[in-house]
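Okay, so here's the structure we're looking at.
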Amino acid sequence: MYDDVVDRYGRLDVIYNNMGLMNRGDRSVLDTSLQTWRTVHDANLTSIFLSCKHGIPHLLNTEPSGGSVINSASFLAAVGSATAPMAYAAAKAGVVQLTRDLGVHLARSKVRVNAVLFGPIETPDQRAVFDRNPGALEKRLVHWPMGRFGTLEEASGTIAFLASDDSGFITATAVPLDGGITEAFTVPE
């Protein structure tokens, strides 16, 4: 795939690894099968590893070398959760660590590597999760400091910023896009 992009356009400047799979069988480690664990890790961590492994050489071989890699992670990588799917949270934490390591390792080559810690972004799939569980959204909104979903426009703006030269001194970091969730301890009224 990356060879095709470079053949067609002459270079590669940005890699956006937007992977995210949640599995209904992913619960506590005590209740999650090994197959579910592997499926979730393959989809959320191994896929990003492979994309970086095969895409970054093109960023390094471009004249001049450099570019931006943006990896999708989750706010669950930064906080514990009593109800979160553990394989997913562990995989996204792995994405954050892979991002840090690559960002530091590649910094002098002018390839920047960052992650986005996504919180709840309103998509049809995300909305459907709450629609299937009446009352669940109201329970969650109490714990969301901004009291709303993030928008696709806010998500794409963050990605565009990390892809641009405006973020030229940012690497090896995880940018929270979560409306303050990872920084909040909200006590319901």
Side-chain angles (χ1 to χ4, degrees), residues 1-22 37-79 87-126 149-183:
M1 174 184 73
Y2 288 118
D3 290 341
D4 290 345
V5 169
V6 172
D7 287 346
R8 180 179 230 177
Y9 298 104
R11 61 184 295 122
L12 181 65
D13 297 298
V14 176
I15 298 170
Y16 176 40
N17 292 314
N18 186 23
M19 285 75 159
L21 171 79
M22 296 185 97
W37 178 269
R38 286 180 174 158
T39 298
V40 170
H41 275 254
D42 282 350
N44 292 295
L45 178 57
T46 305
S47 61
I48 289 177
F49 161 79
L50 290 169
S51 179
C52 290
K53 179 177 180 60
H54 296 288
I56 290 172
H58 292 286
L59 299 176
L60 294 170
N61 292 329
T62 301
E63 281 298 323
S65 70
S68 178
V69 178
I70 304 135
N71 295 323
S72 289
S74 169
F75 76 98
L76 293 173
V79 298
Y88 179 82
K92 290 303 186 176
V95 169
V96 171
Q97 189 59 48
L98 178 65
T99 298
R100 285 185 192 118
D101 290 347
L102 281 171
V104 169
H105 178 76
L106 297 170
R108 292 193 185 231
S109 69
K110 299 183 183 151
V111 172
R112 296 175 294 106
V113 186
N114 293 292
V116 177
L117 298 175
F118 284 102
I121 303 297
E122 185 154 15
T123 64
D125 288 344
Q126 182 71 58
F149 284 101
T151 67
L152 288 172
E153 291 79 14
E154 290 164 330
S156 62
T158 302
I159 301 307
F161 169 71
L162 290 172
S164 76
D165 291 338
D166 291 339
S167 65
F169 200 56
I170 300 172
T171 195
T173 195
V175 177
L177 182 64
D178 64 6
I181 291 172
T182 56
E183 301 304 322

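- In terms of modelled atom types and a separation under 3.5 Å, the side chain of N44 and the main chain of L21 share a donor-acceptor contact.
- The backbone N or O of T151 sits less than 3.5 Å from a side-chain atom of E154, completing a donor-acceptor pair.
- Considering all non-hydrogen atoms of both residues, L12 and Y2 come closest at CD2-CD2, 3.6 Å.
- A donor-acceptor contact shorter than 3.5 Å is absent between the side chain of T182 and the backbone of F75.
- Without hydrogens or angle criteria, S65 side chain to T62 main chain gives no donor-acceptor distance under 3.5 Å.
- With hydrogens and angles left out, the side-chain atoms of T123 and Q126 include no donor and acceptor closer than 3.5 Å.
- Between G55 and I15, the shortest heavy-atom contact is C-CD1, 3.5 Å.
- The backbone N or O of L117 sits nowhere less than 3.5 Å from a side-chain atom of S74 that would complete a donor-acceptor pair.
- For the residue pair I181 and P120, the shortest heavy atom distance occurs at CD1-CD, 3.4 Å.
- Annotation: D165, atom CG; neighbour count of heavy atoms from other residues, nucleotides and ligands within 6.0 Å does not exceed 12.
- Under the 3.5 Å distance criterion, the side-chain polar atoms of T171 are left unmatched by any main-chain donor or acceptor of R112.
- Between the side chain of S47 and the backbone N or O of A43, at least one donor-acceptor pair lies under 3.5 Å.
- Between C52 and N71, the shortest heavy-atom contact is SG-OD1, 4.0 Å.
- Using a 4.5 Å heavy-atom cutoff, the side chains of S72 and M19 are not in contact.
- Tested against F161, the residues N114, D166, I70 include a single side chain to side chain contact (heavy atoms under 4.5 Å, CB included) partner, D166.
- Heavy-atom contacts from other residues, nucleotides or ligands closer than 6.0 Å to CZ of R11 number more than 12.
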